[in-house]
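Proteins get letters first, then strands, A, B, ... in listed order; numbering begins at 1 in each.
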Amino acid sequence: MLKMIFSRLVFMVAAGLLLLTFLFALFHLIPGDTARLIAGDSAPEELVASIRSAYGLDQPVGAQYVAYMQKVLIGDFGMSNFSRQPVLSVVGPRLLNTIALAGWAMLFAVMMSLIFGCISAVRWNSPLDKSISIVSLLGICTPIFVTGVVAIYLFGVYLRWLPIGGMTTWRHYLMPALTLGFAQAAGFTRMVRTCMIESLGREFIVTARAKGVPEFLIVIRHALPNALLPIITFFGLGLGGMLGGAAVTESIFNWPGLGRLMVDSILTRDLPLTQGCIFVFAMMFVIINLIVDLLYRWADPRLADAQP
Amino acid sequence: MTTHWTRLGAITTIIGAALIGPAFSQDAKPQYGGELVLTGQLDKTMFPGRNTDAGGMDVYLNSCETLVELTPQSEIRPVLAESWTTSEDKKTVTFKLRQGVTFHDGTPFNAEAVAFVFDEAIAKKFLYVSLLEGLQKVVADSEYQASFRLAAPSAALINNLAYRTMCIFSPAAYKAKGEEGLGSNIIGTGPFIQTEYAKGEYALFKKNDKYWQKGKPYLDSIRILFVPDITTRLAMLESGEVDRIAGVPNFDIPRVAKDKNIALRTMPSLQQHYVVINNTVKPLDDPKVRQALNYAVDKAGIVQSVFAGIGATLSQAPTLSPGVFGFADMREPGQATIFPFDIAKAKALLKEAGYEDKGDGLKDAQGKQLSLKLYGRKAGVGDYEIAQLVKTFLEKIGVKVELTVLESATFSAALSVGPKDAKYDLAILSWTVPTADPDEPMMYMTHTKAWKPAGANRMFFSNPETDRLAEEAHVESDPVKRAAIVKQWMAALLKLAPVIYLPTVNLTDATRTYVHGGVYYPANVYDGSFAWIDQAERKKQGISR
């Protein structure tokens, strides 16, 4: 187990270094003059030149790369071009906001999908199952920016039940978390349903029924744990997808999270900040993968002692 | 054509009706108290010297005041300065400053502070420093008298000093915290003190109880929320979560106009779209050809199809729009725009210039086809759509147009080179006159000295007459005479047609009707610092915050 965690950490560092190199290369392949973009279209030439030297953009690419990697390795991602604050101090609080949003959305999606997925599987082919399937299909098909805008106009403008933007009170969490969670819950529900139908058809379920175990316990204690394995991987992937979807949700609901920060930084061509955001996002994915692997071993004792 | 006009007319009526609403209640007695919630756009520092965006000004103008201000009627009004005199040789402008004003950090506002801010601006090359060209030094003559020493007379100086970005921040705070410190906490003499700031979330301004204008401000606080998505912004206004937004999407305007609790305003901005014409390329060096290109473009069609008939106004003068000093209506009598759409006229002019279309493209006497390279980008509002339309219009008169659409940064680089390296014949751009003074367009956009890469003259347009007029206007301190020169300059531009003049972008803002006294400037700056809220009306609309 420890060995696996260790090898995963080594992998994480390697992935991180590769990613940084890639990011650095990417931004130097993008055409256009960064200094001019910072200065503005009609800025005088000397201002552009002074910005170029201030940001080290006049150095050879090799020297810029070495300087960048040296700084990054001691945790210095540089200063945001526009807000002139250290990148990590900008990214940090935003990351926490995104985790809060994605966390609540994930909790909602997992609860909903387990409940409705199980009901659907138990009442397989009933009208109830079919309605759940239709709703979840709708959820999968509708992009977040549509659900979000519909929710805003319904609950925010017409009914005035919920606030639209910001994250000041718990009520501010409801719409963005539910919007983000709904899209994932829909996909999760389908997965839980499929796995549960398969699990409920297995022989040990027949045995349990023959022993006279109540149907509720059969579902919770026997069928669900055995259906969990593929579901856990799916949840993990879903959490990753949720971080991606957060960029849209955060923009719509004015949530000061990492996704919105990344979009803003790309639009303003704030390269150090974009690099910081992409790096943190990618590392989040790696960490989620590690957690999924650990959970997988916990859910399937057969894997616990196996080599990675 | 007819359909364009009827529709435009109908829409103007809607907007006109919306404007009357708040105008009536403007005379009511201001009420004290309440918080005004605005939406803003601040993706850079809050330090005025490093952020000249309208979105930045919206934020720091609540705390940081300028020496003078420009009213929406284009009049200069004293703020921190009480009065000023210009020396005989026009090279020294002396300001008498307001006494008894203190910065929010408790330090006194005086001539020392004024001198410090401008000397620092020159030394550290603040973004606005090009507007102060010729300013050598600011000297504190006494506690409340400061002199601006110029290398050459500049009539634009006073108007430029009204530019919000040239506000006087506290030198003591600047010395202690630096640009970065003031970039997140601006300290000036204004009616509001900035107390909270969360980047990308909100900025909070609390009433300055020691403000020098007795009885002002009326509001307890101003909260500016940074909401990037326009749909969200609009929804927040409709639900009453915010009190005012800017930039209502063109296609939402008819719906919002129906809401009785929201006052909608539309006015021409200081931003005019245009097609850069490379004046050094043959046959574009011939004014007749350039005029012909102007007549060939259907501007009303562009307003209708790209801006939904609402988002832009037909230009009434070259480069300048209403709200800029010296603006005059330069349209021919009875015409809706300068260079009204007229294919026959375009063809006639081209024929005079030696080009004719006999059904197989526009060719000169030697049978050579007129072919032009048009550069465009997918940016801003409608840049790409306009490029497509201009291509189509020019092809209608037989010009072969090769449209190249570039990514923003590449486009910007391609348009920032001198005449030898310029590869474009035409390019879609827009220009703004942020200070609402014609000095910048005259000296920095069309003057021979302003050829790229030195200035913003990407046309490489050069004319001794317009250069002379620009220089005259630059030093003329008598407003009436200066306005006359500006008008002559515009008349010359109409003959020379250095660019293809396209419509002026409109600004639209929407405010809840209980907000009174906020001022929206054509430079897209909103000043709500002396606004007030009608509490009873707000309650009636069911808004409790």
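When B:A235, B:G240, B:G542 are compared by the number of non-hydrogen pairs under 4.5 Å with chain A, B:A235 comes out ahead. Annotation: maximal heavy-atom pairing with chain A below 4.5 Å, among B:V129, B:I230, B:T232, occurs at B:T232. Ranked by heavy-atom pairs under 4.5 Å with chain A, the first of B:E179, B:E238, B:M46 is B:E238.
Side-chain atoms of B:N51 and B:Y60 include no donor-acceptor pair closer than 3.5 Å. Defined by atom type and a distance below 3.5 Å, a donor-acceptor pair is present between the side-chain atoms of A:T98 and A:E250. A donor atom on one side chain and an acceptor atom on the other are found under 3.5 Å apart for A:T21 and A:Y65. For the residue pair B:E120 and B:Y174, a side-chain donor N or O sits within less than 3.5 Å of a side-chain acceptor on the partner.
If you measure heavy-atom distances from A:L162 to chain B, the contacts under 4.5 Å come from the backbone alone. In this structure, chain B has heavy atoms under 4.5 Å from both the backbone and the side chain of A:I252. Heavy atoms of B:R233 lying under 4.5 Å from chain A are absent altogether.
In B:E133, the CD atom is not crowded: 12 or fewer heavy atoms of neighbouring residues, nucleotides or ligands sit closer than 6.0 Å.
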